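Input: a single structure, listed below in structure tokens.
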Amino acid sequence: MKNLPINENIAALQPYVPGKPISELMREFGLSDIVKLASNENPLGVSPKAKTAMQMAIETVNFYPDGNSFELKQALADFYQLSSDQLVLGNGSNDVLDLIARTFLSPEKEVIFSQYAFAVYPIVTQLVGATAVEVPAHEWGHDLDAMLSAITDKTAVIFIANPNNPTGTLLEKDAVEAFLQQVPAHIIVVLDEAYAEYLEHLPNYPRGVDYLAQYPNLIVTRTFSKIYGLAGLRIGYGMASSEIINVLNRARQPFNVNLVAQAAAEAALKDSDYVQRSVKTNTEGLEQLAQGLDGLDIEYIESYANFITFKAPKASELYLKLLEAGVIVRPLAGYKMADYLRVSVGDYEQNRRFLLALIENLDAE
Ligand SMILES: *Cc1c(COP(=O)(O)O)cnc(C)c1O
């Protein structure tokens, strides 16, 4: 390795650690009946409308996809009352986060994000050799005043996930509005709304899209991986002023979003019945998990998303015991939350299975 001309940003990179795939646990433990509650995926399975659209789309994969995603962008523009030139598509919203870093960052620039923020922010920052400025969290959430105070002449991008992953904390309207007003207009603010659809009906939720007209430096990212149930297809999007979208599109690989994903996403967007059922399943599941954890006297962080992060003093042992019981959750040592595990909200039976496995293995605590 010493002789290879490795880019030093990449050589120093701490790779992203994904949730353990079901197939891997099958291979390692010889288990067959496995519940994965590790990557905040939708427990309802694929939306029926998306499935039909995918089946039709596979007939034409001998063709390249529309590199401009014309139809999907049109559908998203109608959905959000935006213009098509305010949308950029990504191979998952992680791809959009990477595009933002490559477009707006360089080694002399600084990026602000919170302690316990999504793991992809430090990765895309490091990849382009920019400097990460991590601001201490306040009660597990973003401390927006401290983030404002961290702004310097070199600040180029600020990443904020709302709600945040892996803590599930929420920033409310007043706080986000006051923050946007105070950030200098030449700094890019990214509101990462991967979980917005679970709670945007709440009057206090600050939907980033509502602020785009007022703030040409704002980028809102969303994904089809969570509530739309298409994590395996890889498709997400960014919404911003047409000026920002124009430069992001220059950095984008021409065919970054595949043909099947474009068709599925358009259909999923229109499957409001599936989305409503998903919200209901999640609201009930959060309640079920919270009650279960309360009953066991386990501390957890109140969550507004589709997962709960709970305290487990011997978290790595408990994680392994749960794996042996066929339940995959997410260790958070990579987030410097070594005493915590994150469990995604499943359907009623999956949540029950997790809680039972937890009860049986509490001595690992
Ligand atoms: C899951 C998640 C994403 C979405 O990632 P995709 O690449 O769209 O699958 C983005 N941001 C946060 C905070 C997430 O938790």
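Just follow the structure's listing: the first ligand is 1, and inside any ligand the first atom is 1. Count residues from 1 along the sequence. Source: prediction; values computed, not measured.
Protein residues with a heavy atom closer than 4.0 Å to ligand 1 are Gly92, Ser93, Asn94, Phe118, Asn165, Asp192, Ala194, Tyr195, Thr223, Ser225, Lys226, Arg234, listed by chain and number.
Side chains of Phe179 and Leu148 form a contact here, defined as non-hydrogen atoms less than 4.5 Å apart.
Side-chain heavy atoms closer than 4.5 Å link hydrophobic residues (I, L, V, M, F, W, Y) into clusters, and following such links, even through other members, never connects Met56 to Tyr64.
Aromatic pair Tyr300/Phe310: centroids not less than 6.0 angstrom apart. The aromatic ring centres of Tyr335 and Tyr116 sit 6.0 Å or more apart.
Judged by the 6.0 Å and 45° rule, Arg222 forms no cation-pi pair with Tyr237.
A 6.0 Å sphere centred on CD of Glu28 holds more than 12 heavy atoms belonging to other residues, nucleotides or ligands.
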